[in-house]
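Can you keep this structure in mind? I'll have questions shortly.
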Amino acid sequence: MSAELPFPVSVEIKDIAKAVTFAKLPDALDAVRAGLARLPLDEDQAGYLADYFSPASAERIAHQLIHIGVVGVIAFLGVHAHPIYLRPATGPE
């Protein structure tokens with residue numbers, strides 16, 4: 001399977017960044033990593049999320065977007081949960 005998708009991808013970090021749409025999955029993954037790098041995450045969580053959204057994860061994420069329709073994981077800032085979602089974009093946001 002190729003990591004190229006036939007649709008744009010919407011990315012959102014709840015309560016931190018509103019949904020933004022990217023034409024290509026690698027651009028969406030770059031944006032997630034850049035956004036997460038600016039957050040005060042603990043070292044373990046930062047490492048886990050960097051791996052989860054790494055360039056090497058593109059094929060796995062593409063598969064999940066095509067077959068399940070969403071990729072979700074949670075970032076914790078202290079005790080506050082901030083879900084991170086990638087979804088197929090259905091149109092302008």
Side-chain angles (χ1 to χ4, degrees):
M1 167 185 262
S2 169
E4 287 297 316
L5 296 172
F7 49 79
V9 177
S10 175
V11 175
E12 178 181 18
I13 302 175
K14 287 282 192 180
D15 301 321
I16 293 183
K18 66 180 183 173
V20 177
T21 298
F22 296 88
K24 297 184 181 247
L25 179 58
D27 296 336
L29 295 176
D30 288 344
V32 171
R33 286 192 308 276
L36 291 171
R38 292 189 293 269
L39 298 178
L41 301 170
D42 67 41
E43 187 176 327
D44 288 338
Q45 188 173 194
Y48 169 76
L49 292 171
D51 286 344
Y52 193 89
F53 292 110
S54 72
S57 72
E59 193 165 323
R60 173 187 51 81
I61 289 175
H63 179 83
Q64 193 168 343
L65 287 170
I66 290 168
H67 295 285
I68 298 171
V70 66
V71 171
V73 67
I74 297 175
F76 285 92
L77 297 176
V79 297
H80 301 284
H82 299 279
I84 302 166
Y85 296 110
L86 280 72
R87 295 182 174 102
T90 56
E93 306 214 356

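Quick note: numbers below take in every heavy atom, side chains included, and nothing from hydrogens, waters or symmetry partners.
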| remark: On a heavy-atom basis, the closest approach of I74 and A81 is CG2-CB, 3.7 Å
| said: I'd like to know if L41 and V73 are part of one continuous hydrophobic network [Ile/Leu/Val/Met/Phe/Trp/Tyr, side-chain heavy atoms within less than 4.5 Å]. | reply: yes
| message | Would V32 and Y52 count as a side chain to side chain contact (heavy atoms under 4.5 Å, CB included) here? Give the steps. | response | CA-CA 10 Å; V32 171; Y52 193 89; over 6 Å; no
| Common cluster, L36/F76, ILVMFWY with side-chain heavy-atom separation under 4.5 Å | no
| query | Are the side chains of I84 and F53 in touch, meaning some heavy atoms are under 4.5 Å apart? | reply | yes
| request: Consider only side-chain heavy atoms of I, L, V, M, F, W and Y, link residues closer than 4.5 Å, and tell whether V70 and F22 are in one cluster. | output: no
| request: Any pair with a residue in residues 23-50 that passes side chain to side chain donor-acceptor pair (under 3.5 Å), sequence neighbours left out, goes on the list, sorted by first then second residue, please. | output: D30-R33
| message | For residues 70-87, which residue pairs pass the side chain to side chain donor-acceptor pair (under 3.5 Å) check, not counting sequence neighbours? | response | none
| said: Can you tell me how far apart CD (Q64) and CD1 (I66) are? Round to the nearest 0.5 Å. | reply: 11.0 Å
| field | Spatial distance of atom CG (L65) from atom OG (S10) [nearest 0.5 Å] | value | 10.0 Å
| remark: Heavy-atom closest pair (L25 atom, A58 atom, distance to 0.1 Å) is CD2-O, 3.4 Å
| task | Could you check if a side-chain atom of V9 sits within less than 4.5 angstrom of a side-chain atom of T21, using non-hydrogen atoms only? | result | no
| said: Using 0.5 Å steps for rounding, measure from the CG atom of L29 to the CG atom of L86. | reply: 6.5 Å
| Rounded to the nearest 0.5 Å, how far does CG of L39 lie from CD1 of I16? | 4.5 Å
